Amino acid sequence: MFEADDIREWRGHDVVDADKKKIGTLEAVYVDTATDAPSFATVTIGMPMKRRLVFVPLAEATVGPGYLKVPWDKKLAREAPWIDADGELLAEDEPRVFSHYGLPYKTGAGGERRLGRR
């Protein structure tokens, strides 16, 4: 796994699946608000005039020369919950992001959000 400080340097690089099929381009990182560890990435996909950002988990992600490899299938990632290129993830949409990948979702003890953009 990569260090949180290093992931910012990977913005603009390709994100690929386990078979090295390109999913899209790394746009931003969302950290777990409880641990400040990278949790999800937004990945730019689509045509130039119809770009959108899909959410892809960063657990078990590895870096290679010019790419970030995630263990999630390209098709699954491209069908993930998304936001507009200039949009933001709403608190009520966070559970859907986790659910799409079969990951457990739990808010903070005070009901605070689980994901924060970095």
Side-chain angles (χ1 to χ4, degrees):
M1 185 67 177
F2 45 82
E3 293 298 319
D5 293 340
D6 297 335
I7 192 67
R8 290 181 186 193
E9 296 175 21
W10 287 90
R11 287 184 182 155
H13 286 275
D14 290 345
V15 176
V16 300
D17 70 6
D19 296 324
K20 293 191 180 174
K21 294 179 192 166
K22 183 178 176 181
I23 297 169
T25 306
L26 182 66
E27 190 272 337
V29 174
Y30 282 72
V31 298
D32 183 316
T33 56
T35 65
D36 207 35
S39 184
F40 278 84
T42 49
V43 179
T44 305
I45 65 169
M47 305 299 273
M49 298 305 288
K50 291 188 174 186
R51 295 211 187 274
R52 65 180 194 239
L53 303 173
V54 293
F55 289 85
V56 179
L58 290 174
E60 300 178 38
T62 57
V63 293
Y67 64 84
L68 177 69
K69 185 166 69 171
V70 295
W72 307 98
D73 180 70
K74 175 181 177 176
K75 185 177 187 311
L76 179 67
R78 286 183 159 251
E79 294 173 349
W82 58 275
I83 57 175
D84 289 329
D86 60 351
E88 66 179 71
L89 178 64
L90 302 176
E92 58 266 18
D93 293 333
E94 283 186 1
R96 267 189 333 114
V97 172
F98 283 77
S99 175
H100 179 77
Y101 293 98
L103 301 172
Y105 178 79
K106 184 175 150 185
T107 59
E112 56 274 345
R113 295 184 71 147
R114 178 84 182 270
L115 298 175
R117 183 178 172 164
R118 293 281 190 258

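In what follows, residues are counted from 1 in the order of the sequence shown. Because the structure is predicted, anything quoted here is derived from the model rather than measured.
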Less than 4.5 Å apart, any side-chain heavy atom of L68 and any of L58? yes

Mind checking what makes ring pair (Phe, Tyr, Trp, His ring centres under 6.0 Å) contact with Y67, not counting sequence neighbours? none

Could you point out which residue of Y105, Y30, F98, W82 forms a ring pair (Phe, Tyr, Trp, His ring centres under 6.0 Å) with F40? F98

Does any non-hydrogen side-chain atom of T25 lie less than 4.5 Å from one of H13? no

Test side chain to side chain contact (heavy atoms under 4.5 Å, CB included) applied to R114 and T107, V97, D32, the passing residue: D32

Run T42 and E27 through side chain to side chain donor-acceptor pair (under 3.5 Å) and show every step you take. CA-CA 5 Å; T42 49; E27 190 272 337; 2.7 Å; yes

What I want to find out is whether D73 reaches K21 closely enough, with some N-O distance under 4.0 Å, to be called a salt bridge. no

Tell me whether D17 contacts the main-chain N or O of K74 through its side chain, where contact means a donor paired with an acceptor under 3.5 Å. yes

Can you check side chain to side chain contact (heavy atoms under 4.5 Å, CB included) on I45 and R52, steps first, answer last? CA-CA 6 Å; I45 65 169; R52 65 180 194 239; 3.4 Å; yes

Can you name the ring pair (Phe, Tyr, Trp, His ring centres under 6.0 Å) partners of W72, sequence neighbours left out? Y101

Nearest heavy-atom approach of R96 to P81 is O-CG, 3.6 Å

Nearest 0.5 Å, please: how far is CG in D14 from NZ in K22? 4.0 Å

Are the side chains of I23 and V16 in contact, using a 4.5 Å heavy-atom criterion? no

Derivation of the side chain to side chain contact (heavy atoms under 4.5 Å, CB included) call for R117 and V31: CA-CA 6 Å; R117 183 178 172 164; V31 298; over 6 Å; no

Using side-chain hydrogen bond (donor to acceptor under 3.5 Å, both in side chains) as the criterion, list what pairs up with E79, not counting sequence neighbours. K75

